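See below for the structure under consideration.
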Protein chains: 2
Amino acid sequence: MAAMTTAAQRITTAELMEAVAGVSSAFWIDFAAAAARHGLSATQGKALGAVLEPVPMRALAERLGCDASNVTGIVDRLESLGLATREAAAADRRVKIVTITPTGAEVLQAIRDDMSRAHRALESLDGEQRAALLAMCAQLLPLLKGEPA
Amino acid sequence: MAAMTTAAQRITTAELMEAVAGVSSAFWIDFAAAAARHGLSATQGKALGAVLEPVPMRALAERLGCDASNVTGIVDRLESLGLATREAAAADRRVKIVTITPTGAEVLQAIRDDMSRAHRALESLDGEQRAALLAMCAQLLPLLKGEPA
DNA sequence: TATTGTTATACTCTATAACTATA
DNA sequence: TATAGTTATAGAGTATAACAATA
């Protein structure tokens with residue numbers, strides 16, 4: 001057990017980066033394929049998942065990790081597909097709030113249900129592994145987002 | 001402890017999907033930002049990481065999760081930047097092998113070193129957590145890629 | 001003045017379909 | 001005939017810079 005711990009501490013950050021990169025890449029490839037089967041691009045699908053709660057355009061850009069100017073076009077397309085709506089905020093009329101439509105929520109759920117590889121992968125985890133994964137993600141996420149802690 | 005295990009088993013696949021999606025998204029946003037600081041797009045950076053070993057165009061498309069026709073342009077740009085080379089395979093002259101250049105390897109390393117958020121996140125893990133994360137990724141990756149097991 | 005969202009621009013990424021060279 | 005890579009095309013994503021409306 002002491003030997004195992006010693007060995008574990010030899011795992012470098014570079015190795016972890018590669019492992020996380022592999023999983024992250026495969027996850028998004030699965031997501032993009034599922035979105036495509038439902039007629040959406042990966043970005044459109046990701047945007048849909050980011051507006052389950054109403055969100056200002058600016059905040060949506062932040063969530064997507066892109067410039068605010070892109071969001072105009074992305075939301076234009078979602079709106080023309082009837083998957084999201086956009087309306088001025090009452091408090092500050094410069095701000096526009098994006099909201100998912102019932103149809104949009106259905107499509108998003110269908111995409112998520114259609115991620116067969118991700119489902120197979122995650123359903124292979126037992127209860128302890130699930131708890132460990134969730135705790136790991138909760139620890140990493142704020143740091144990956146650059147939040148204080 | 002029995003209570004903890006019971007609680008852990010209540011974690012749904014949907015919750016895990018959201019957690020993994022969040023971490024994956026934040027990881028790639030950090031990667032894209034680091035690549036941009038070195039003058040590359042996210043796709044170019046990802047492609048560079050996929051040709052550390054010489055790889056045929058077709059296999060590169062597979063790794064990037066995109067159509068083979070895209071790879072022509074992606075490698076064109078890497079080649080014009082002096083970061084990768086492309087040459088016909090001796091065994092089958094239809095096949096073209098993409099290889100990273102020494103400069104390309106340097107740029108890739110610089111990008112990885114520049115992922116400050118990912119580094120902070122992963123360096124927050126102790127030895128046991130590192131081993132757990134690596135094992136988790138090793139279990140998930142083949143399933144996410146759709147490999148038999 | 002500062003901020004939100006939009007537009008204009010140029011470039012990259014993307015899939016589809018048709019093409020070539022090789023097998 | 002089948003496969004690897006390319007080209008042509010059209011649409012979508014991307015950052016930059018300049019702009020209008022609102023604060």
Side-chain angles (χ1 to χ4, degrees), chain A residues 25 28-51 54-81 83-99, chain B residues 25 28-51 54-81 83-99:
Chain A
S25 178
W28 284 116
I29 287 173
D30 191 39
F31 179 79
R37 276 177 232 122
H38 294 270
L40 296 187
S41 69
T43 299
Q44 287 167 345
K46 193 176 171 185
L48 219 44
V51 295
V55 163
M57 299 287 280
R58 209 88 193 174
L60 180 52
E62 183 73 20
R63 291 191 190 193
L64 296 178
C66 71
D67 190 85
S69 63
N70 301 326
V71 178
T72 299
I74 294 166
V75 173
D76 280 351
R77 287 164 214 123
L78 290 179
E79 210 169 17
S80 74
L81 291 168
L83 306 178
T85 59
R86 172 169 36 184
E87 56 186 18
D92 182 341
R93 289 195 327 219
R94 291 174 302 178
V95 175
K96 291 189 183 169
I97 308 289
V98 186
T99 308
Chain B
S25 177
W28 284 116
I29 288 173
D30 190 39
F31 179 78
R37 276 177 233 122
H38 293 270
L40 297 187
S41 70
T43 299
Q44 288 167 343
K46 192 176 170 185
L48 219 44
V51 295
V55 163
M57 299 287 280
R58 210 88 191 173
L60 180 52
E62 182 73 20
R63 292 191 190 193
L64 296 177
C66 71
D67 190 84
S69 63
N70 301 327
V71 179
T72 299
I74 294 167
V75 174
D76 279 351
R77 285 162 215 124
L78 290 180
E79 211 170 15
S80 75
L81 291 169
L83 305 179
T85 59
R86 173 169 37 184
E87 55 185 20
D92 183 340
R93 290 197 326 218
R94 293 175 302 180
V95 175
K96 292 188 183 170
I97 308 289
V98 186
T99 307

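Heavy atoms only: backbone and side chains are in, while hydrogens, waters and symmetry mates are out. None of the values given here were measured: they were computed from a predicted structure. Within every chain, numbering begins at 1; the chains are lettered A, B, ... in the order of the sequence lines, protein sequences first and strands thereafter.
- Atom CG of A:D76 and atom P of D:dG11 are 16 Å apart (whole Å).
- Comment: A:R86 engages A:E79 in a salt bridge, judged by a side-chain N to carboxylate O separation of less than 4.0 angstrom.
- For the pair B:G39 and B:Q44, the tightest heavy-atom approach, listed with the atom from each and the gap, is O-OE1, 4.3 Å.
- Contact between the side-chain N/O atoms of B:S41 and the OP1/OP2 oxygens of C:dC13 is found at a separation under 4.0 Å.
- None of B:M57, B:K96, B:R58 except one satisfies the side chain to side chain contact (heavy atoms under 4.5 Å, CB included) rule with B:V71; the exception is B:M57.
- Considering all non-hydrogen atoms of both residues, A:P56 and A:V95 come closest at CB-CG1, 3.7 Å.
- Put simply, B:R86 has no side-chain N or O that comes within less than 4.0 Å of OP1 or OP2 on D:dA4.
- A close approach under 4.0 Å does occur between a side-chain nitrogen or oxygen of B:R77 and OP1 or OP2 of C:dC13.
- Counting all heavy atoms, side chain and backbone alike, B:A42 lies closest to B:A32 at CB-CB, 3.9 Å.
- Distance CD1 (A:I74) to C1' (D:dG11): 14 Å, rounded to an integer number of Å.
- Closest approach of B:L60 and B:V55 over heavy atoms only: N-CG1, 3.5 Å.
- The two residues A:G65 and B:I29 make their nearest non-hydrogen contact at CA-CD1, 3.7 Å.
- For B:K46 and C:dC13, the shortest distance from a side-chain N or O to OP1 or OP2 is not below 4.0 Å.
- Remark: P of D:dT22 and CE of A:M57 are 16 Å apart, rounded to the nearest angstrom.
- Evaluation of atom-type donor-acceptor distances gives a pair under 3.5 Å for the side chain of A:R94 against the base of C:dT3.
- Rounded to whole angstrom, the span from the CG atom of A:L83 across to the P atom of D:dA12 amounts to 13 Å.
- Checking B:V95 against A:A90, the closest nucleotide of DNA chain D that is more toward the 5' end is the one next to B:V95.
- In this structure, B:D92 atom CG and D:dA2 atom C1' are separated by 12 Å, rounded to whole Å.
- Across residues 58-70 of chain B, B:C66, B:D67, B:S69, B:N70 each have a non-hydrogen atom less than 4.0 Å from an atom of DNA chain C (numbered order).
- Contact annotation: B:K96 does not reach the phosphate of C:dA21 (side-chain N/O to OP1 or OP2, under 4.0 Å).
- Of the two residues contacting DNA chain D, namely A:Q44 and B:V71, the nearest-nucleotide position lying further toward the 5' end is that of B:V71.
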